[in-house]
2 protein chains.
Amino acid sequence: MPKNCNFIEKLRGVGLRPTKQRINMCEVLFNREKTFHFTINDLVKMISEKMNQKISLATVYNTVHAFEKKGYLKEISIDSHKSYFDTNTSSHHHFFDEDTNELIDCDESDIDKINIRKNIPGKKINSVEVLIRVASDNQNQK
Amino acid sequence: MPKNCNFIEKLRGVGLRPTKQRINMCEVLFNREKTFHFTINDLVKMISEKMNQKISLATVYNTVHAFEKKGYLKEISIDSHKSYFDTNTSSHHHFFDEDTNELIDCDESDIDKINIRKNIPGKKINSVEVLIRVASDNQNQK
DNA sequence: AATCTACATTATAATAATTCTAAACTGTTG
DNA sequence: CAACAGTTTAGAATTATTATAATGTAGATT
């Protein structure tokens, strides 16, 4: 049984047609052990390499957004110039390495539960996410 | 004594010339009691109204970025389409109201101290910031 | 207060990122 | 395997941001 089957079912499950491009994207995105963080540009390159042919930028944007809407991808915005997507769609925290521009997952157990004492009247909390910016510790290396 | 003086000194203090435009920007940005959250577009409109004439978009971008670099403004990125600036440049937390697209400061006292158990080898933590997304609580209003 | 000089501002052009469009293509259903 | 509806594509359009080069202006010098 080809492992594509999982992806085909996954796609059907949320009402997306399992087209060549989408299956290829699924393999790049979800066929891995660890969570995967990427920018649109990263992804275009990786899919092109995998398929050994170009894929239209528009297709990548459309499909990423389709996945996002269906809850298979989650956007993590670092600043106005750096936007990542994450295959881990649960609400979770991140380290951002400002030296390498790398986004690193922060396990639930790595951070104490966050307790918010205030609430906004008439509003419910949809998500609570922490971004921890890190950079090389030059002070220690003098 | 016109209250501009503060701004003129403030600007000189970090090596920026107190030009007409910058003084106007300072008034819009810093002449208020509460922290101010805005997008570039918001700001262009407000300054144009205040000055009663157009201000070049390029000037607003350049000056906002100059202020940011000097530590008078801080960027808060919500998603790839929504980037705000904040006159409160200390590391602090925010509520984001997804109904109104409004950014709301979260006081230090509104949230328990965040304790991070993991550290990335060779890296130091530059900032820890929480974004709490809220939206209207329709479940309660049925 | 006139002049000078370096830095600012401006309108416009350039670039970058993202979305739209309309035609061609392809999975799926029957 | 025909027909339809959804998908992909290249390229155009749009939007956000930055660069450019001419003009303007604050502040120092006289």
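Both backbone and side-chain heavy atoms feed into the values below; hydrogens, waters and symmetry mates do not. Within every chain, numbering begins at 1; the chains are lettered A, B, ... in the order of the sequence lines, protein sequences first and strands thereafter.
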**Q** Could I get the full list of salt bridge (charged side-chain N to carboxylate O under 4.0 Å, His left out) partners for D99(B), not counting sequence neighbours?
**A** K123(A)

**Q** Angle between the two end axes of the helix from dA1(C)-dT30(D) to dG30(C)-dC1(D), five base pairs per end, rounded to 10 degrees?
**A** 30°

**Q** Please identify the 5'-most and 3'-most nucleotides of DNA chain D with any atom under 4.0 angstrom from a heavy atom of chain B.
**A** dA16(D) to dG27(D)

**Q** Quick one: which residue pairs count as a side chain to side chain donor-acceptor pair (under 3.5 Å) with a foot in residues 47-67 of chain A, not counting sequence neighbours?
**A** E27(A)-K50(A)

**Q** List the atom pairs, with distances to 0.1 Å, where a side-chain N or O of residues 38-46 of chain A and a protein N or O form a donor-acceptor pair under 3.5 Å, not counting sequence neighbours.
**A**
| from | atom 1 | to | atom 2 | distance (Å) |
| --- | --- | --- | --- | --- |
| T39(A) | OG1 | D42(A) | N | 3.1 |
| T39(A) | OG1 | D42(A) | OD1 | 3.3 |
| T39(A) | OG1 | D42(A) | OD2 | 3.1 |
| D42(A) | OD2 | T39(A) | N | 2.9 |

**Q** Output one letter per nucleotide in nucleotides 15-30 of chain C: B when a protein non-hydrogen atom lies under 4.0 Å from the base, S when only the sugar-phosphate is that close, - when neither is.
**A** --SBBB-----BBS--

**Q** Kindly list each side-chain donor-acceptor pair under 3.5 angstrom involving residues 16-24 of chain B, sequence neighbours excluded, with atom names and distances?
**A**
| from | atom 1 | to | atom 2 | distance (Å) |
| --- | --- | --- | --- | --- |
| T19(B) | OG1 | R22(B) | N | 3.4 |
| R22(B) | NH1 | R17(B) | O | 3.2 |
| N24(B) | ND2 | K20(B) | O | 3.2 |

**Q** Determine which pairs satisfy salt bridge (Lys or Arg N to Asp or Glu O under 4.0 Å) with at least one residue from residues 70-79 of chain A, sequence neighbours left out, and list them in order.
**A** K74(A)-E129(A), D79(A)-K82(A)

**Q** In whole angstrom, give the distance that lies between atom CZ of R22(B) and atom C1' of dC7(C).
**A** 8 Å

**Q** side-chain contact (heavy atoms from CB on, under 4.5 Å) with N126(B): which residues, sequence neighbours excluded?
**A** E98(A), R133(A), A135(A), K124(B)

**Q** Just to verify, what does S90(A) make a side-chain contact (heavy atoms from CB on, under 4.5 Å) with, not counting sequence neighbours?
**A** N88(A), H92(A)

**Q** Check the angle between the aromatic planes of H37(A) and H94(A) and answer parallel, tilted or perpendicular using the 30° and 60° thresholds.
**A** perpendicular

**Q** Return the orientation label for the Y72(A) and F67(A) ring planes: parallel under 30°, perpendicular over 60°, tilted otherwise.
**A** tilted

**Q** Taking side-chain contact (heavy atoms from CB on, under 4.5 Å) as the definition, give me every residue that meets it alongside D112(B), ordered by chain and number, with sequence neighbours left out.
**A** N115(A), R117(A)

**Q** Does anything in residues 42-52 of chain B come within less than 4.0 Å of DNA chain C? Heavy atoms only, and list the residues if so.
**A** none

**Q** Around atom CD of E108(B), are there more than 12 heavy atoms of other residues, nucleotides or ligands at under 6.0 Å?
**A** no

**Q** Are D105(A) and D86(A) packed together at the side-chain level, in the sense that at least one heavy-atom pair is separated by less than 4.5 angstrom?
**A** yes

